[in-house]
Undergrad: 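Let me give you the structure first, and then I'll get to my questions.
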Amino acid sequence: MNLLFIGDVVGQPGRRAIADQLSTLRSRLKLDLVVANAENIADGAGITRKTANELFAAGVDVMTNGNHAWDKKEALEYITTEPRLLRPHNYPDGTPGTGWFVATVASGHKIGILNLMGNVFMHPHLACPFTAANRALAEKPDDIKMVLVDLHAEVTSEKMAMGWYLDGRVSAVVGTHTHVPTADERILPLGTGYITDVGMTGCYDSVIGMDTEKSLKRFVQKLPERFEVAEGVGTICGVLLDFNEHNGLCRGITRVRVTESIPETATKVA
Ligand SMILES: [Fe+2]
Ligand SMILES: [Fe+2]
């Protein structure tokens, strides 16, 4: 089974790249399922019904989330009506939404998607993601062989530790949040696909998707400046995962990077 996981989608350049390229990728890579981390889809911070619908219409099947889940307040209500939009599973009991979703692909096979958030340097500080992973897997129905975990976390070590912790127990552990892709994709010894960070889907002429000039003002002059999504060409950054439907383990993990096609804007005058 082929699954494309798309890293943190940042604002309009990210959504535009997906609208432009995902249908081609779906047929070229023979995708059965597309999962995207959506915590930054609306103006770079949070999720709105409108922007989520844009991604669903472009072919994203399930959306994971992170520390920006509630930056747009409407997400608190929207998530209760849309089971394909997750939030980290280790939020306290009673938090709107859930971090677990079971997708059924065209072949009839089921795959569980589990969204977790790390503890180290992350705000808010949620329950232990390792314990939360154990609980979710213990509650998993037996007929679900494949499980994809998105661990949304800052530090590489916490994500790597989760990879080893779940090796052989889930199909893949992919990291999100830093917006910078790592080149360490691999299949761990017991068969779990792993990458520390999938990277960002958005404008790469930026500081992690945000306007470079405004970001520099914060870093260089130490002055307050509102982050704004960088304008420019959007790039999809993701990983293609091939899962064995029968034992739930990973057969392949490959980084995918595709840039939106730029329409001809200059009009030629005869
Ligand atoms: Fe993000
Ligand atoms: Fe994040």
Side-chain angles (χ1 to χ4, degrees), residues 4-18 34-48 51-52 54-55 60 62-73 75-76 78-79 85-91 95-97 99 113-127 129 132 148-160 162 173-182 195-212 214-215 218 226-232 234-239 255-257:
L4 179 68
F5 184 91
I6 297 175
D8 299 41
V9 180
V10 181
Q12 215 211 4
R15 303 197 311 271
R16 221 175 42 225
I18 288 174
V34 177
V35 181
N37 186 294
E39 69 154 5
N40 307 107
I41 57 173
D43 294 328
I47 291 141
T48 58
T51 51
E54 247 182 72
L55 288 199
V60 172
V62 183
M63 294 184 204
T64 55
N65 217 324
N67 53 306
H68 290 291
W70 317 121
D71 286 5
K72 300 284 184 282
K73 295 291 169 272
L76 284 161
Y78 174 53
I79 203 165
L85 172 64
L86 305 182
R87 47 82 173 158
H89 204 54
N90 45 339
Y91 263 99
T95 302
I113 315 292
L114 177 62
N115 189 188
L116 296 167
M117 194 155 97
N119 274 170
V120 186
F121 302 143
M122 293 298 285
H123 303 282
H125 193 87
L126 303 183
L148 169 81
V149 177
D150 170 0
L151 176 59
H152 195 79
E154 182 71 39
V155 298
T156 50
S157 53
E158 190 176 19
K159 290 188 261 196
M160 224 172 260
M162 184 66 83
V173 175
V174 297
T176 56
H177 176 68
T178 71
H179 294 202
V180 178
T182 58
I195 186 166
T196 299
D197 207 298
V198 178
M200 170 193 77
T201 293
C203 173
Y204 273 75
D205 287 330
S206 69
V207 175
I208 63 167
M210 296 295 155
D211 182 84
T212 304
K214 289 180 187 301
S215 184
R218 288 173 70 126
R226 208 178 156 270
F227 278 128
E228 263 178 39
V229 173
E231 289 300 324
T235 295
I236 295 177
C237 212
V239 282
R255 275 179 285 139
V256 174
R257 195 162 173 164

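One-based numbering, in listed order, for ligands and for the atoms of each.
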Undergrad: Between K72 and A45, is there a donor-acceptor pair closer than 3.5 Å when you use the side chain of the first and the backbone of the second?
TA: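 Yes, because the side chain of K72 sits within donor-acceptor range (under 3.5 Å) of the backbone of A45.
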Undergrad: Run through the protein N/O/S atoms less than 2.8 Å from the Fe ion (ligand 1) and write them out by chain and number.
TA: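 Protein N/O/S atoms under 2.8 Å of the Fe ion (ligand 1): D8 OD2, E39 OE2, N40 OD1, H179 NE2.
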Undergrad: Once you round to the nearest 0.5 Å, how far does NE2 of H179 lie from CE of M210?
TA: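 Here the rounded value is 7.0 Å.
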Undergrad: Taking only residues two or more places apart in sequence, or in another chain, which ones meet T176 in a side chain to side chain donor-acceptor pair (under 3.5 Å)?
TA: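 N37, D150, H152.
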Undergrad: To the nearest 0.5 angstrom, please state how far the OG1 atom of T201 sits from the CD1 atom of I236.
TA: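 Here the rounded value is 6.0 Å.
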Undergrad: Go through the side-chain N and O atoms of D8 and H68 and say whether any donor and acceptor fall under 3.5 Å apart.
TA: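 Short answer, no.
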Undergrad: Closer than 3.5 angstrom, by distance alone: can the side chain of E154 be matched with the main-chain N or O of F121 as a donor-acceptor pair?
TA: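 Such a contact is absent between E154 side chain and F121 backbone.
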